[in-house]
Undergrad: 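Have a look at this one before I ask anything.
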Amino acid sequence: MAQFQSFSINNLGDPFIESNYGVHSRQFEVAVLDWFACLWELQQDQYWGYITNCGNEGNLHGLLVGRELFPDGIIYASCESHYSVFKAGRMYRVECVKIDALVTGEMNCADFRAKLLENLGRPAIVNVNIGTTVKGAIDDLDRIISILVECGFQNRFYIHCDGALAGLMMPFIRQAPKVTFTKPIGSVSVSGHKFMGCPVPCGVVITKLEHVKVLSTDIEYLSSRDATIMGSRNGHAPMYLWYTLNKKGYKGIRKEVQKCLRNAHHLANRLKEMGVSASLNELSSTVVFERPQDETFVHKWQLACESNIAHVVVMPNIDVEKLDDFVEELVARRAWHERKVFDILCVAKDIGQENCLCSLHN
Ligand SMILES: *Cc1c(COP(=O)(O)O)cnc(C)c1O
C-alpha cells in the first residue's frame with residue numbers, strides 16, 4: 001500500500017455522494033461498507049454508513065442518530081461502557097443513565113429494567129456493548145430488546161451497538177449471539193485498527209438509510225450532503241480495510257478469531273496454573289488478571305490497568321510463545337515483589353471468583 005502514501009486522499013462528506021474533490025477512495029469505502037452491511041444483514045439499498053476516524057466517532061454518530069430520532073430520549077448505558085458513550089451524552093446534552101454491570105462486565109438487566117420503569121414517559125436510547133473495553137463482556141441484546149418491549153417502549157427506543165473490537169469477531173463464532181439488523185437495532189460501529197489491524201486509526205459505522213435523513217443537510221461548498229461527524233476523512237483507511245478484507249476473506253478472519261479465542265484460553269489457564277488470579281469471558285479474547293505492582297513491567301508490556309485489574313487483549317499477531325514469555329516474566333516479577341513484602345492484590349471482587357487465589361500467597 002506504500003505507493004499511495006504520496007497522495008492526499010480525502011473522502012470528505014457523504015461516501016455515497018460525489019463531492020467536488022477528486023482525489024478520493026469512495027469506491028473502496030463503499031465496497032467496505034457493503035461488506036459490513038452484509039455482515040450485519042442490512043440490504044444494500046437500505047443502509048447508510050461511512051468509514052470513521054475511530055470507534056469514538058462511530059459511537060458519537062450512532063448515538064446522535066438516536067438523539068435526532070428521539071430528541072427527548074434518555075441514553076442508557078452500563079457503567080462498563082466506553083468513555084465515548086458518556087462523552088456523547090455530555091456533547092449532545094442528553095441525560096445519561098448508568099446501569100450497573102455484573103461482575104463479568106455485562107449489563108445488569110434487572111437494573112436496566114428498574115431504571116427504565118423510572119422513566120416511562122421518555123424514549124430510550126440504549127448503548128449495547130458488543131465487547132466491553134476492559135473485560136470483553138457482551139451485553140445480552142435479545143434480553144435488552146424484550147425488556148424494552150415488556151416495559152412499553154415499543155417503537156420508542158433506539159439501540160446502538162458498540163462493537164469496537166468484538167463486533168468483528170462475534171459473526172465468526174458459531175455459538176455467539178447474533179448482532180443483526182433483522183433485530184430492532186439502529187446502528188453498529190467497530191474500530192478498524194483493532195481486530196482488522198489497520199495501520200491508521202479508523203472505524204466503520206452502519207445505520208439504516210431512513211435514519212440519516214433526519215440528520216443530513218446539503219452543503220453547496222462541498223456539493224455533498226453533510227451527515228458525518230467529521231468533515232475531511234482519511235482516504236487511505238478505506239483502502240487498507242478493503243485490502244485486508246479481500247486478502248483474508250471470511251475464511252481467513254474466522255481462522256484468526258478462533259486462534260485468538262484459543263490463545264486467550266491458553267493465557268488464562270497459564271496464569272491460573274501459576275497462581276495468578278485471572279478470568280476470561282466466554283466468547284472473548286480479553287484476559288483480565290490482577291494488576292501487576294511493578295510499573296516497569298506494566299510499561300514494558302503496555303498494559304492497560306483499571307483499579308485492581310489489568311487486561312491482555314489477545315490479537316491475531318500474538319502467538320503462544322509470546323504469551324508464555326509474558327507469563328514467565330510476570331510470575332518472576334511478582335515473586336520478587338512478594339519477597340519485598342508488597343501485598344498481592346485481591347481481585348476476587350473484580351472478577352467474580354469465589355475463593356481468592358491470592359490468599360494462598362499471603
Ligand atoms: C476501543 C473502543 C472504542 C473506540 O475506541 P477508538 O480508540 O476511538 O477506536 C469504543 N468502544 C469500545 C468498547 C472500545 O473498546
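Whatever order the structure lists ligands and atoms in, that order sets their numbers, starting from 1.
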Undergrad: Specify the protein heavy atom at minimum distance from atom 11 (N) of ligand 1: its residue, its atom name, and the distance to 0.1 Å.
TA: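 Looking at atom 11 (N) of ligand 1, the protein heavy atom closest to it is Asp162 OD2, 2.6 Å.
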
Undergrad: Are the charged groups of Lys135 and Glu106 less than 4.0 angstrom apart, N to O?
TA: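 Result for this pair is no, no salt bridge flagged.
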
Undergrad: With no hydrogens and no angle check, do the side chains of Ser189 and Asn59 hold a donor and an acceptor under 3.5 Å apart?
TA: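 The answer is yes; a qualifying pair exists.
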
Undergrad: Are Phe7 and His236, when compared by the centres of their aromatic rings, separated by less than 6.0 Å?
TA: no

Undergrad: Out of Asn56, Thr133, Asn53, whose heavy atom is nearest to atom 8 (O) of ligand 1?
TA: Asn56

Undergrad: Determine, considering heavy atoms only, which of His82, Glu57, Lys194 sits nearest to atom 1 (C) of ligand 1.
TA: Lys194

Undergrad: Looking at Gly235, is its backbone amide N or carbonyl O close enough to the side chain of Ser25 to form a donor-acceptor pair, meaning the two atoms are under 3.5 Å apart?
TA: yes

Undergrad: Evaluate Thr132 for polar contact with ligand 1, using N/O atom pairs at a separation under 3.5 Å.
TA: no

Undergrad: Cation-pi check for Phe86 against Lys98: NZ or CZ below 6.0 Å from the six-membered ring centre and within 45 degrees of the axis, yes or no?
TA: yes

Undergrad: Hey, does Leu165 sit under 4.0 Å from ligand 1 if you only count heavy atoms?
TA: no

Undergrad: For Gly131, take its heavy atoms, then give the atoms of ligand 1 lying under 4.0 Å from any of them.
TA: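 Heavy-atom distances to Gly131 below 4.0 Å select 13 (C).
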
Undergrad: Which protein heavy atom lies closest to atom 7 (O) of ligand 1, and at what distance to 0.1 Å?
TA: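 Heavy-atom neighbour on the protein nearest atom 7 (O) of ligand 1: His193 NE2, 3.8 Å.
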
Undergrad: How does Cys54 reach ligand 1, by side chain, by backbone, by both or by neither, if only non-hydrogen atoms under 4.0 Å count?
TA: both

Undergrad: Would Lys300 and Glu329 pass as an ion pair if we require N to O under 4.0 Å?
TA: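 Looking at Lys300 and Glu329, the cut-off is met.
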
Undergrad: Please write down residue, atom name and distance for the protein heavy atom closest to atom 6 (P) of ligand 1.
TA: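 Going atom by atom, the protein heavy atom closest to atom 6 (P) of ligand 1 ends up being Gly55 N, 3.5 Å.
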
Undergrad: Is Lys248 salt-bridged to Glu256, cutoff N-O under 4.0 Å?
TA: yes

